[in-house]
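Reviewing the structure listed below.
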Number of protein chains: 4
Amino acid sequence: MKRKFTEKQMHILDVAEKLIAKKGFDGTSVRDISNQAKINVAMISYYFGSKEKMMAYLYRYRIQKTRESFAEFAEVIRDGKPEMQMKELVKYVVSQLFKFNYFHGFVTQEMRHDDSLKQDMMEFYTTFATKMEEVIKKGIASGVFSNAPKPEDLLSTIIGTSLFVIRNKNFFSHYVAGKDENYLEEAEKKVLANLLVTVFSVLGFQPH
Amino acid sequence: MKRKFTEKQMHILDVAEKLIAKKGFDGTSVRDISNQAKINVAMISYYFGSKEKMMAYLYRYRIQKTRESFAEFAEVIRDGKPEMQMKELVKYVVSQLFKFNYFHGFVTQEMRHDDSLKQDMMEFYTTFATKMEEVIKKGIASGVFSNAPKPEDLLSTIIGTSLFVIRNKNFFSHYVAGKDENYLEEAEKKVLANLLVTVFSVLGFQPH
Amino acid sequence: MKRKFTEKQMHILDVAEKLIAKKGFDGTSVRDISNQAKINVAMISYYFGSKEKMMAYLYRYRIQKTRESFAEFAEVIRDGKPEMQMKELVKYVVSQLFKFNYFHGFVTQEMRHDDSLKQDMMEFYTTFATKMEEVIKKGIASGVFSNAPKPEDLLSTIIGTSLFVIRNKNFFSHYVAGKDENYLEEAEKKVLANLLVTVFSVLGFQPH
Amino acid sequence: MKRKFTEKQMHILDVAEKLIAKKGFDGTSVRDISNQAKINVAMISYYFGSKEKMMAYLYRYRIQKTRESFAEFAEVIRDGKPEMQMKELVKYVVSQLFKFNYFHGFVTQEMRHDDSLKQDMMEFYTTFATKMEEVIKKGIASGVFSNAPKPEDLLSTIIGTSLFVIRNKNFFSHYVAGKDENYLEEAEKKVLANLLVTVFSVLGFQPH
DNA sequence: AATGAATGAGCATTCATTCAT
DNA sequence: GATGAATGAATGCTCATTCAT
């Protein structure tokens with residue numbers, strides 16, 4: 001499954017990701033994708049076996065990339081203070097969600113397709129939760145955090161809040177500065193500020 | 001548009017809601033619905049005009065009901081203290097999301113279908129935000145809340161967190177007690193507890 | 001088959017005739033008819049057995065009426081001179097075609113439905129041809145006509161020309177005076193003049 | 001729009017033309033056509049976009065061919081005497097109508113589908129009328145014709161009579177020699193003879 | 001006698017996929 | 001390896017008709 005993709009295949013996946021995020025898996029036909037990507041209709045079946053399998057490649061590819069990115073990120077913050085680590089963790093998760101909002105825009109909705117993909121996604125979230133728990137414990141130990149919320153609760157709040165804002169432009173844009181086309185950019189800033197306050201409040205953060 | 005529905009029509013809407021939440025609008029055929037609901041395929045067009053219009057009725061119906069329910073709820077908590085009001089507000093929103101999780105399972109995803117429906121949904125959220133702002137202000141005035149977060153931020157967190165948990169059973173069930181079929185029930189309790197702590201932390205709640 | 005129709009049934013037939021002439025048999029749904037006639041959908045099956053059978057009643061009804069009308073007409077011209085009889089015959093046929101253009105608008109096209117109807121229609125035309133032959137012979141005998149064209153040829157020309165003009169408003173209206181809504185009225189005058197000239201030319205008419 | 005058609009597409013158009021002439025546009029399903037043409041149902045949409053568009057191609061194709069054929073024909077008779085030209089003109093129109101009787105069998109009936117097609121058809125008829133007028137004038141000038149009927153009247157008679165005979169086999173076959181399967185062939189001869197007599201009578205033809 | 005509700009068959013079309021080259 | 005043509009299955013929907021009252 002850990003195939004390397006050619007330039008052309010990557011291009012198809014990119015196009016597919018955006019279209020599926022916008023119009024849903026069923027709402028996006030292979031003809032839509034092939035037209036947009038300027039390739040032959042038959043290519044999707046040819047390259048990936050089927051539309052459904054293409055979807056699986058898409059998942060795997062994005063998760064794989066995120067895993068690599070997170071490993072790198074974890075290394076960078078390895079030696080910091082827990083409050084800094086927590087702040088960076090929140091910033092990282094939020095930025096990843098907004099950056100790959102195309103992907104996350106359909107990730108939960110379309111997960112019905114393949115149970116093994118759900119498993120992958122679960123592990124992907126668990127990696128974050130584990131790291132978060134480690135940081136919380138360290139903060140408690142060092143006395144900068146006075147409460148120890150469950151990592152899954154904290155993570156649900158961070159991811160859930162971000163995804164809600166990404167998906168509910170209609171509601172949230174009323175409270176966001178800037179032009180319509182900058183929505184995601186501006187919304188990210190606002191959500192990040194909110195979540196940092198929220199997370200540190202919940203942790204009962206007390207600077208030394 | 002404020003039609004009354006017959007028993008049979010309600011039944012179809014119920015079945016449709018569940019199927020669509022599970023498999024998406026496009027992924028759910030009128031034959032799926034008619035088979036599950038034990039009715040004739042033609043009935044969906046006959047009753048609602050089309051599959052798309054049935055979707056609109058579904059929205060309108062749920063939103064209408066929620067609006068009524070919220071008006072009633074708002075009356076009940078009218079004279080309470082702000083901390084009680086806020087607690088009830090959170091409980092109310094969370095319980096509604098879990099109760100109508102089928103509906104909320106597709107509400108954001110499938111909103112592309114009709115712009116006027118998006119508008120309705122937006123107003124529906126705004127009603128909550130307005131009430132929340134009122135309570136925050138009162139709490140600040142009376143001194144029980146020391147911070148005044150933006151109501152839209154608070155609301156995003158409440159709704160976003162709840163929806164994330166509803167939709168990501170795969171991840172969250174690992175942290176939830178009880179059997180698999182009780183997932184939503186148990187998850188609701190856990191999320192509610194989490195959100196109450198979160199919200200009151202953010203508000204800097206100080207009991208008199 | 002020679003049923004008498006109630007007021008209501010007659011009304012349905014009237015509405016059906018016009019709709020079918022305008023949009024064709026298949027293009028006219030029983031719902032169209034029932035809506036226009038302000039009756040229940042089920043009535044058409046109820047009264048006539050089926051849509052197809054309703055069509056048959058329509059034919060029979062119109063043919064029957066025409067037969068009666070023609071018998072009456074034949075009586076009126078019984079004792080005239082052949083040139084007068086021929087002129088009246090042409091006028092009569094043309095006026096009937098234009099008067100019941102709704103009917104004749106679909107009569108040939110939709111005849112596939114029932115072979116016995118074709119038979120009826122044939123006899124209906126044959127009645128005219130027979131009368132025409134009689135008049136031609138008389139005119140030849142009396143010397144006012146010098147040629148004896150075949151009655152079926154003469155009749156084809158009269159009916160064919162009239163129907164062509166009725167059905168090809170798009171082409172013929174360019175040559176017709178008056179406003180668009182008077183098309184049939186004006187076209188009838190023009191066609192009648194044309195056919196009288198044509199028929200009498202062919203007959204080699206020589207006034208005594 | 002001036003597409004070239006493949007062998008297969010032509011075959012489908014041929015089959016469709018015959019079926020539609022026999023059973024009407026609505027009465028002919030794409031399944032009927034695909035069964036008869038031994039092709040897949042989806043091909044009609046695939047090749048022509050839709051059933052309706054296939055109809056448009058059919059029109060355009062036939063009219064285009066007729067236009068070409070007429071231009072060629074007009075060239076051939078260019079230098080003849082008016083009586084010869086008129087005779088050939090009548091023969092030409094009648095032969096075209098009988099040759100493409102499938103097409104002309106539905107052309108007026110089904111014209112509701114597309115207004116631009118009506119326009120095309122109108123121009124197609126007008127081309128004939130114009131030529132006819134030219135010949136009449138020339139004949140009047142040279143003294144072989146003593147009357148100048150309106151070209152649209154003459155044309156209505158020629159086309160109307162031919163179409164009537166084509167469509168009313170049931171009536172006309174009683175007067176036609178030969179076997180049933182030769183109806184059109186024999187009817188054409190008879191109609192042509194009739195129309196030549198009729199047209200030249202109306203023109204008051206006097207050989208020099 | 002008359003009707004609103006309901007039905008099953010059929011419609012044109014679109015779909016992901018496969019085939020022949 | 002890559003493609004345009006072609007396919008069968010499924011889609012939402014409309015139809016004339018029938019059913020229960």
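Chain letters run A, B, ... following the sequence lines, proteins first, then strands; residues in each count from 1.
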Could you tell me if the side chain of [Y] sits less than 4.5 Å from the side chain of [X], heavy atoms only?
X     : Y      : result
D/M55 : D/F48  : no
A/M54 : A/I20  : yes
A/M43 : A/Q9   : no
B/T66 : B/F103 : no

5' priority, DNA chain F, between B/T28 and C/S29 [closest heavy atom] |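 Mapping each residue to its closest nucleotide by heavy atoms, the 5'-most match is B/T28.
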To the nearest 10 degrees, how far apart in direction are the end axes of the helix from E/dA2-F/dT21 to E/dT21-F/dA2, each fit to five base pairs?
->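 Taking five pairs per end, the axes differ by 30°.
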In whole angstrom, give the distance that lies between atom [atom1] of [X] and atom [atom2] of [N].
X     : N      : atom1 : atom2 : answer
D/L19 : E/dC11 : CG    : P     : 13 Å
D/I12 : E/dA12 : CD1   : P     : 14 Å
B/K53 : F/dG12 : NZ    : C1'   : 13 Å
A/F25 : E/dC15 : CZ    : C1'   : 12 Å
D/D26 : E/dA12 : CG    : C1'   : 12 Å
A/N35 : E/dC15 : CG    : P     : 11 Å
A/Q9  : F/dA2  : CD    : C1'   : 13 Å
D/M54 : E/dA12 : CE    : P     : 10 Å

Could you tell me whether A/K65 sits above the aromatic face of A/F100, with NZ or CZ closer than 6.0 angstrom to the six-membered ring centre and within 45 degrees of the axis?
->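 Here A/K65 fails the 6.0 Å and 45° test against A/F100.
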Answer yes or no for B/K53 and B/Y47: cation-pi contact, defined as NZ/CZ to six-membered ring centre under 6.0 Å and angle to ring axis within 45°.
->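 No, a cation-pi geometry is absent between B/K53 and B/Y47.
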Verify the ring-centre separation between D/F5 and D/Y57: is it less than 6.0 angstrom?
->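 Yes: the rings meet the under 6.0 Å criterion.
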N/O donor-acceptor pair, side chain C/R31 with base F/dA16, under 3.5 angstrom |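 Yes, a donor-acceptor pair under 3.5 Å.
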For B/K18, all residues meeting side chain to side chain donor-acceptor pair (under 3.5 Å), sequence neighbours excluded =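 With neighbours one apart ignored, the set is empty.
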By nearest nucleotide on DNA chain E, pick out whichever of A/G49 and A/D32 is the more 5' one.
->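 The answer here is A/D32.
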Give a yes/no on whether any side-chain N or O of D/S50 is located under 4.0 angstrom from OP1 or OP2 of E/dT13.
->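 Looking at the OP1 and OP2 atoms of E/dT13, one of them is under 4.0 Å from a side-chain N or O of D/S50.
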Whether A/D32 side chain and A/S29 backbone form a donor-acceptor pair below 3.5 Å =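 Answer holds: yes.
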Enumerate all atom pairs, one protein N or O and one N or O from nucleotides 2-5 of chain E, separated by less than 3.5 Å.
residue, atom, partner, partner atom, Å
E/dA2, OP2, C/Y47, OH, 3.2
E/dA2, N7, C/Y46, OH, 3.4
E/dG4, OP2, C/N40, ND2, 2.6
E/dG4, N7, C/N40, OD1, 3.4
E/dG4, N7, C/N40, ND2, 3.4

